[in-house]
Amino acid sequence: MAAIGNRGVVTEASGFNAEADAATLREAMKGAGTNEAVIAEVLARRTIAQRQRIKEAYKQTVGKDLADDLSSELSGNFCSVVLGLLMLAPVYDAYELKSAMKGAGTEEAGLIDVLASRSNAEIKTINAFYKKEHGEDLEDAVCGDTSGMFQRVLVSLLTAGRDESDKVDEAQAILDAKDIYEAGEARWGTDEVKFLTVLCVRNRNHLLRVFDEYQKISGRDIEDSIKREMSGCLEDVFLAIVKCLRNKPAFFAERLYKSMKGLGTTDSVLIRIMVARAEIDMLDIKAQFLKNYGKTLHSFIKGDTSGDYRKILLELCGSE
């Protein structure tokens, strides 16, 4: 798996001056039109920590909330990206989860993208911020908006109880592979709980060993078996868990590719990943994107999205 950690495109701006940035943003919003290029340039080239300082400086010098002012000046996808950039990472994740459950339908992809890819510590922090920001437990919200086995997988992920050690128990790995095989390919019908118990609880190194063993026993890759045995959201969440365990940047590269491939762009997916990963592992995601699809992420965004928000996404993507 590609190394992660300080692999973001967005890094600390040198010679940073929060007051000067606040003044620049204020100037960009004054008058008849809004200078979106300036807003994109400032906010997409600062880290989350630096943006918090800009927000404080703006409030001190202007006496208003920066996010409120930007909301009144901007609209559509550009506004969505900018407001996302102003949030702390767990606040943004909580916001995206809330958005996924808003209204009549549920955007299951939003729940999966976040919950299948975050560490125990990240999920605990998201839970805390969700409660603080939205006044209810995230688990209660998820249970009110989903059902069946899909709900049970999400609830398991929300407990943030995955073993995060490096230990591989050889005997247990062989048993886990056998259990999954017997719960799926080897029987009529599928015992999804067995998949949940193994995929949502065991540590990464152990599961990679389980996947190897599963291939030997069944003659199939675990992802192929999940596709054969499951459908809908349940298939999607189990596949996301496996893909994130194997190679998280490759998982996000695939999500980005699919969000822009074909007719129209799935803006919510594209924005969520670009904002959330810009400071974490965007360099690795870009490398995987090029390796897997033969085109740069930069060129894909440039050619496959329309409107002004493309400018700010290109800033978050970095150079070719």
- Could you check if a side-chain atom of Val10 sits within less than 4.5 angstrom of a side-chain atom of Arg51, using non-hydrogen atoms only? yes
- Item | Contact check, side chains of Leu208 and Glu213, non-hydrogen atoms, under 4.5 Å | no
- Query: Crowded around Lys178 NZ? As in, over 12 foreign heavy atoms under 6.0 Å?
  - Reply: no
- Message: Whether the Glu254 and Asn292 side chains hold a donor-acceptor pair (N or O, under 3.5 Å, no angle test) is what I'd like checked.
- Response: no
- Closest non-hydrogen atoms of Ala116 and Ala240, given as atom of the first, atom of the second and distance, are CB-CB, 3.9 Å
- Please examine the side chains of Cys200 and Leu157, heavy atoms only from C-beta on, and report whether any two atoms are closer than 4.5 Å. yes
- Over 60° means perpendicular and under 30° means parallel, so classify the ring planes of Tyr214 and Tyr181, tilted if in between. perpendicular
- Item | Ion pair Arg246/Glu223, N-O distance below 4.0 Å | yes
- Classify the ring geometry between Phe238 and Phe195 as parallel (under 30°), tilted (30 to 60°) or perpendicular (over 60°). tilted
For residues 82-97, please give each side-chain donor-acceptor pair under 3.5 Å, one per line with the distance, not counting sequence neighbours.
unit_1, atom_1, unit_2, atom_2, d
Asp93, OD1, Arg118, NH2, 2.8
Asp93, OD2, Arg118, NE, 3.0
Glu96, OE1, Arg272, NH1, 3.2

- Item | Side-chain ion pair, Glu315 and Arg45, N-O less than 4.0 Å | yes
- Indicate the atoms forming the closest heavy-atom contact of Ile312 with Ala44, along with that distance. CG1-CB, 4.1 Å
- Note on the structure: Nearest heavy-atom contact between Ala22 and Thr61 is CB-OG1, 4.4 Å
- Indicate yes or no: at least one non-hydrogen side-chain atom of Leu245 is less than 4.5 angstrom from one of Ile241. yes
- Message: Under a 4.0 Å threshold between the charged nitrogen and the carboxylate oxygen, would Asp281 count as salt-bridged to Arg7?
- Response: no
- Message: Could you check whether any side-chain heavy atom of Ser156 comes within less than 4.5 Å of a side-chain heavy atom of Leu154, counting everything from C-beta outward?
- Response: no
- Euclidean distance, Ile126 CD1 relative to Leu158 CG, rounded to 0.5 Å: 8.5 Å
- Query: Can Lys64 and Asp69 be counted as an ion pair, charged N to O under 4.0 angstrom?
  - Reply: yes
- Query: Between Lys131 and Glu139, is there a salt bridge with N-O shorter than 4.0 Å?
  - Reply: no
- Query: Would you say the side-chain atoms of His206 and Asp166 include a donor-acceptor pair closer than 3.5 Å?
  - Reply: no
- With side chains defined as the heavy atoms from C-beta onward, is the minimum distance between Tyr130 and Val142 less than 4.5 Å? no
- Closest heavy-atom pair, Ile174 versus Ile217, reported as atoms and distance to 0.1 Å, is O-CD1, 4.3 Å
- Message: Less than 4.5 Å apart, side chain to side chain, heavy atoms only: is that true for Thr24 and Glu41?
- Response: no
- Task: Answer yes if Val201 and Val242 sit in the same cluster of Ile, Leu, Val, Met, Phe, Trp and Tyr residues linked by side chain heavy atoms under 4.5 Å apart, and no otherwise.
- Result: no
- Tightest non-hydrogen contact, residues Ala173 and Arg209, listed as CB-CG, 3.8 Å
- So, Gln52 versus Lys55: side-chain donor-acceptor pair below 3.5 Å or not? yes
- Distance-only donor-acceptor check, side chains Tyr309 and Asp267, under 3.5 Å: yes
- Identified side-chain contact (heavy atoms from CB on, under 4.5 Å) counterpart of Leu25 within the set Asn35, Leu43, Val62, Val38: Leu43
- Hey, is Glu56 close enough to Lys59 for a salt bridge, meaning N to O under 4.0 Å? no
- Task: Apply the test side chain to side chain contact (heavy atoms under 4.5 Å, CB included) to residues Arg310 and Ile301: give CA-CA distance (whole Å), side-chain angles for both, the deciding distance (0.1 Å), then the verdict.
- Result: CA-CA 7 Å; Arg310 182 170 54 184; Ile301 291 171; 4.1 Å; yes
- Query: Can you name the closest pair of heavy atoms from Arg255 and Ala109 and give their distance?
  - Reply: NH2-CB, 3.5 Å
- If a pair satisfies salt bridge (Lys or Arg N to Asp or Glu O under 4.0 Å) and one of its residues is in residues 148-160, list it, with sequence neighbours excluded. none
- Using the side-chain contact (heavy atoms from CB on, under 4.5 Å) rule, pick out the option among Val275, Asn77, Val81, Leu256 that qualifies with Leu270. Leu256
- In a check of side-chain hydrogen bond (donor to acceptor under 3.5 Å, both in side chains) between Arg202 and each of Asp169, Asp176, Thr197, which one passes? Asp176
- Task: If a pair satisfies side chain to side chain donor-acceptor pair (under 3.5 Å) and one of its residues is in residues 9-23, list it, with sequence neighbours excluded.
- Result: Asp21-Arg46
- Query: Once you round to the nearest 0.5 Å, how far does CD1 of Ile222 lie from CZ of Arg220?
  - Reply: 11.5 Å
- Message: Any non-hydrogen side-chain atom of Leu115 less than 4.5 Å from a side-chain atom of Glu122?
- Response: no
